[in-house]
Amino acid sequence: MMNLRLLFLTLLTISRVSTALPEESRTLGGIALLPLPEYAPVNAQALYMDMPVPIISTTNGRTAVVGIPLTASVGQASIQLIATDFADSLDFSIGDKDYPEQRITLKDTSKVTPNEAELARYAREAAEQKAVYKTFTPTIGAWPSFQMPIVGEFSSPFGLKRFFNGEARDPHSGLDIAAAEGKTVYAPADGKIVQTGDYFFNGQTVMIDHGQGIISMLCHLSKISVVMGQTIQRGEAIGKVGHTGRATGPHLHWGLSINNARVNPLLVASPKP
């Protein structure tokens, strides 16, 4: 008879191995999948632009899942592998991507040219969100299983070069999904609620930590149904669709961050037909 402790450890190991990984796109706003060499220590950490990178265990070995910022330099790049008495690097190439333009007219001009008080508020709120994006919560090393947080038409895809009232602004760092006001929004993957708030630009917002520096941000809600510190499962309700913050109509903005790089959410969750 198999030793019960050995059986338990075997099942635990199997449960920690994922066969699924996100779609790879080695372009600006994309994801690079870099297999780790077999000689890399088990406790090796991967770093890209000084930020820790998720390392996912699969049936074929370990893979670093690297989020590529929209602001990255096109061309050669590398991640660093570090552990006690060990250092190495893995090189990869980043390709350019020409995202289309989007021009939006807003009646509320304060959301285009905020006054000093509004700018100060935005700076405080941006600092809160950036601190969350830089967190790294160790997990067992499996890739989170993602689903779309809501079903609807994509009103603004990821990466758009945006102009508000004719003025250039930062590229669109998430996916906008149009839906009826009050429609339920669901957690795209398991995780922990690490930030909620009513922000100047993002409106009522929920941020979910999926582990290993993988963070979801869901914005413009009319209602938030979760609280800070709450553990959430994929498919559980987190709030309702709204148009709070800088929004021209009811929709959900889903932003996804990996190693503090905003990436296209469609690389981790395909919409249902």
Side-chain angles (χ1 to χ4, degrees), residues 20-31 65 67-71 95-107 111-112 129 133 143-165 168-189 191 199 201-208 210 214-224 234-258 261-273:
L21 285 171
E23 180 182 343
E24 184 174 42
S25 176
R26 297 186 181 187
T27 60
L28 302 178
I31 294 172
V65 179
I68 304 171
L70 284 165
T71 55
D96 198 2
K97 190 173 180 67
D98 187 18
Y99 291 101
E101 291 185 0
Q102 181 187 49
R103 295 180 179 272
I104 297 174
T105 300
L106 293 175
K107 293 180 180 179
K111 294 298 191 293
V112 181
Q129 295 166 38
Y133 284 134
W143 180 255
S145 178
F146 280 92
Q147 69 175 35
M148 298 299 295
I150 198 168
V151 176
E153 181 182 352
F154 300 154
S155 53
S156 293
F158 174 86
L160 290 173
K161 301 170 185 175
R162 296 192 300 176
F163 296 81
F164 288 96
N165 295 2
R169 291 295 183 265
D170 290 339
H172 192 222
S173 60
L175 175 67
D176 283 357
I177 307 170
E181 183 100 16
K183 190 173 181 179
T184 301
V185 177
Y186 302 96
Y199 296 120
F201 285 124
N202 295 336
Q204 294 200 55
T205 297
V206 171
M207 300 183 78
I208 305 174
H210 304 295
I214 306 164
I215 309 290
S216 280
M217 181 170 73
L218 302 122
C219 305
H220 307 302
L221 304 173
S222 61
K223 178 183 179 182
I224 294 174
R234 183 187 68 174
E236 283 191 62
I238 61 100
K240 302 287 187 181
V241 170
H243 60 278
T244 54
R246 185 165 66 184
T248 56
H251 73 280
L252 174 71
H253 171 99
W254 177 25
L256 181 71
S257 183
I258 303 175
R262 263 48 98 207
V263 302
N264 189 348
L266 290 181
L267 295 175
V268 305
S270 299
K272 293 182 179 180

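Treat the numbers as computed from the prediction; the structure is a model and nothing was measured.
When all heavy atoms are compared, the tightest approach of G67 to V263 is CA-CG1, 3.8 Å. Closest non-hydrogen pair, P188 versus I208, comes out as CD-CD1, 4.1 Å. G242 approaches E181 most closely through the heavy-atom pair CA-OE2, 3.7 Å. For H220 against T244, the heavy-atom pair with the smallest separation is ND1-O, 2.7 Å. Between L267 and G29 the shortest heavy-atom distance is CD1-O, 4.3 Å.
Between R26 and E24, at least one side-chain nitrogen of the basic residue sits less than 4.0 Å from a carboxylate oxygen of the acidic one, meeting the salt-bridge criterion.
Of the possible donor and acceptor atoms, one in the side chain of Y99 sits under 3.5 Å from a partner among the backbone N and O of L28. Panel note: side chain T205, backbone G203; a donor-acceptor pair is recorded below 3.5 Å. For H251 (side chain) and G249 (main-chain N/O), a donor-acceptor pair under 3.5 Å exists by modelled atom type. Judged by distance alone, the side chain of K97 and the main-chain N or O of S25 form no donor-acceptor pair under 3.5 Å.
The structure places CE of M217 at 9.0 Å from OH of Y199, a figure rounded to the nearest 0.5 Å. Between the CE atom in M148 and the CD1 atom in I177 there is a gap of 3.5 Å [rounded to 0.5 Å]. Atom NE2 of H253 is separated from atom CZ of F201 by 13.0 Å, given to the nearest 0.5 angstrom.
When side chains are defined from C-beta on, F154 counts as touching L175, because their heavy atoms get closer than 4.5 Å. Residues R262 and Y133 meet the side-chain proximity criterion, which asks for heavy atoms closer than 4.5 Å. With a 4.5 Å cut-off on side-chain heavy atoms, Q147 and Y186 count as touching. Using a 4.5 Å heavy-atom threshold, the side chains of I150 and T184 count as separate. A heavy-atom distance below 4.5 Å is found between the side chains of L218 and I238. Under the 4.5 Å side-chain criterion, counting only non-hydrogen atoms from C-beta, Q129 is in contact with M207. S145 is listed as a side-chain neighbour of R234, based on a closest heavy-atom distance under 4.5 Å. K240 is not listed as a side-chain neighbour of I224, based on a closest heavy-atom distance of 4.5 Å or more.
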### Message
Does S216 form a side chain to side chain donor-acceptor pair (under 3.5 Å) with H210? I'd like the steps, not just the answer.
### Response
CA-CA 8 Å; S216 280; H210 304 295; 2.8 Å; yes

### Query
Can you list the steps and then say if V65 with I214 is a side chain to side chain contact (heavy atoms under 4.5 Å, CB included)?
CA-CA 10 Å; V65 179; I214 306 164; over 6 Å; no

### Task
Decide yes or no on side chain to side chain contact (heavy atoms under 4.5 Å, CB included) for L221 and V241, but give the supporting numbers first.
CA-CA 5 Å; L221 304 173; V241 170; 5.8 Å; no

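Judged purely by distance below 3.5 Å, without hydrogens or angles, the side chains of N264 and E23 never pair a donor atom with an acceptor atom.
None of L21, I68, V268 except one satisfies the side-chain contact (heavy atoms from CB on, under 4.5 Å) rule with I31; the exception is V268.
With a 6.0 Å radius and a threshold of 12 heavy atoms from other residues, nucleotides or ligands, K223 has its NZ atom at or below the threshold.
Ring geometry for F146 against W254 counts as tilted: the plane angle lies between 30° and 60°, on a 0 to 90° scale.
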